[in-house]
Amino acid sequence: MSFDIEKKSMPERFQHLLKLIKSRRFLDMQGLGNEIPFYICPFKPEESVEMEKTRKNLTINLMQAGVKVCEVNLYDISISLIKERNIWENIIENEQTFNKTDLMEMFEGILDAKTYIIPNIINKVNEKECNAVFISGVGEVFPYIRSHNILENLQSAVKTKPVILFFPGSYIHSIEHGASMSLFRKLSDYKYYRAFNIYHCEI
């Protein structure tokens, strides 16, 4: 099996993702053994706008094929959580006067993965009867929310359907070299071993 699909054009990658995700083997999580159904869909940071369109088209095409997708945008969740605290307007108006360290600590508290983000994701998944979960907005919420924290905390809660994380960077997962996540292909994230590169999956 060739892993070159990741280097193909966006339309070719779209066709791979569409065929794979709507396949019975993928949706029924066959061939995973004891591994959890978590997948990372990496893309070049400069492809962010194109990937956003591709992801939306993917959701539409999957729906037409009878596959329901629960879309989770980490940025949208973050904004909702901040607004629930009634501090959104204050942050917008006084952003330039905030100390960066204080702002970072405040956001890390409000947007704690285990306490706030994961329960929000679980609620969204439970509210919508779906076959797969798409997680996006990874780049927009960095450094307040880290991808590996989301995956680590989500793995015990969502086990019955495939979860695909759209990742603006590179993800290398192999027996020989282990796993490596690099956000924006510049920033090394913590290693996360339990997800598969979706472009390496058989259709």
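None of the values given here were measured: they were computed from a predicted structure.
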Step by step, would you call Ile5 with Lys8 a side chain to side chain contact (heavy atoms under 4.5 Å, CB included)?
CA-CA 5 Å; Ile5 186 65; Lys8 299 288 186 179; 3.7 Å; yes

Derivation and outcome, side chain to side chain contact (heavy atoms under 4.5 Å, CB included), residues Leu58 and Val69:
CA-CA 9 Å; Leu58 194 58; Val69 174; over 6 Å; no

Apply side chain to side chain contact (heavy atoms under 4.5 Å, CB included) to residues Asn197 and Phe167 and explain how you reach the verdict.
CA-CA 10 Å; Asn197 186 320; Phe167 187 76; over 6 Å; no

What do the steps show when you test Tyr39 against Ile21 for side chain to side chain contact (heavy atoms under 4.5 Å, CB included), and what is the final call?
CA-CA 11 Å; Tyr39 302 85; Ile21 297 173; over 6 Å; no

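Note on Leu62: it does not cluster hydrophobically with Ile60, by side-chain heavy-atom contacts below 4.5 Å among ILVMFWY residues. Met63 and Leu17 are not part of a single hydrophobic cluster, where members link through side-chain heavy atoms under 4.5 Å apart. Tracing side-chain contacts under 4.5 Å through hydrophobic residues (I, L, V, M, F, W, Y), one reaches Met29 starting from Phe196; they form part of the same cluster. Cluster membership for Tyr75 and Val133, using ILVMFWY side-chain heavy atoms within less than 4.5 angstrom, is shared.
Nearest heavy atom pair, residue Tyr144 against residue Glu108, reads O-CG, 4.4 Å. Across all their heavy atoms, Leu74 and Gly137 have their closest contact at CB-O, 4.0 Å. The two residues Ile82 and Ile110 have their closest heavy-atom pair at CG1-CG2, 4.2 Å. Of all heavy-atom pairs spanning Phe26 and Leu20, the tightest one is CB-O, 3.1 Å. When all heavy atoms of Pro37 and Lys159 are compared, the pair lying nearest together is CG-O, 3.7 Å. What you find for Ser156 and Asn153 is that their closest heavy atoms are OG-O, 3.8 Å.
Annotation: side chain of Pro42 is not in contact with side chain of Ser170 (no heavy-atom distance under 4.5 Å). Counting heavy atoms from C-beta outward, Lys19 and Gln15 have side chains that approach closer than 4.5 Å. Counting heavy atoms from C-beta on, the side chains of Leu151 and Ile40 come closer than 4.5 Å.
Side chain of Tyr171 to main chain of Ala195: a donor-acceptor pair is present (N/O by atom type, distance under 3.5 Å, no hydrogens or angles). Here the side chain of His16 pairs a donor or acceptor atom with the backbone of Ile198 at under 3.5 angstrom. Without hydrogens or angle criteria, Asn99 side chain to Thr101 main chain gives a donor-acceptor distance under 3.5 Å. Under a 3.5 Å cut-off, the side chain of Lys161 and the backbone N or O of Cys130 do form a donor-acceptor pair.
When the side-chain hydrogen bond (donor to acceptor under 3.5 Å, both in side chains) test is applied to Ser9, the partners found at least two apart in sequence or on another chain are Glu12. Applying the side-chain contact (heavy atoms from CB on, under 4.5 Å) criterion to Asp112, with sequence neighbours excluded, gives Lys114, Thr115, Tyr116.
Taking CD1 from Ile92 and CD from Glu89, the interatomic distance works out to 7.0 Å, rounded to the nearest 0.5 Å. Interatomic distance, NZ of Lys68 versus CD of Glu129, reported as 5.0 Å (0.5 Å rounding). Atoms CE and CZ, on Met104 and Phe98 in that order, are 15.5 Å from each other to the nearest 0.5 Å. With values rounded to the nearest 0.5 angstrom, Asp76 atom CG is found 11.0 Å from Leu81 atom CG. If you take CD on Gln64 and NZ on Lys22, they are separated by 10.0 Å, rounding to the nearest 0.5 Å. Atom CZ of Arg194 sits about 8.5 Å away from atom CZ of Phe38, to the nearest 0.5 Å.
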Please tabulate, for the side chains in residues 46-55, all donor-acceptor contacts under 3.5 angstrom to protein atoms that are two or more places apart in sequence or on a different chain.
from: Glu47; atom 1: OE1; to: Arg13; atom 2: NH1; distance (Å): 3.1
from: Glu47; atom 1: OE1; to: Lys44; atom 2: N; distance (Å): 3.1
from: Glu47; atom 1: OE2; to: Arg13; atom 2: NH2; distance (Å): 2.7
from: Ser48; atom 1: OG; to: Pro45; atom 2: O; distance (Å): 2.6
from: Glu52; atom 1: OE1; to: Arg55; atom 2: NH2; distance (Å): 2.9
from: Glu52; atom 1: OE2; to: Arg55; atom 2: NH2; distance (Å): 2.6
from: Thr54; atom 1: OG1; to: Glu50; atom 2: O; distance (Å): 2.9
from: Arg55; atom 1: NH1; to: Glu71; atom 2: OE1; distance (Å): 2.4

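Other residues, nucleotides and ligands contribute more than 12 heavy atoms inside 6.0 Å of the CD atom of Gln30.
Across Leu111, Ile121, Ile145, a single residue satisfies side-chain contact (heavy atoms from CB on, under 4.5 Å) together with Ile77, and that is Ile121.
Classification of the Phe134-Phe166 ring pair by plane angle, with boundaries at 30° and 60°, yields perpendicular.
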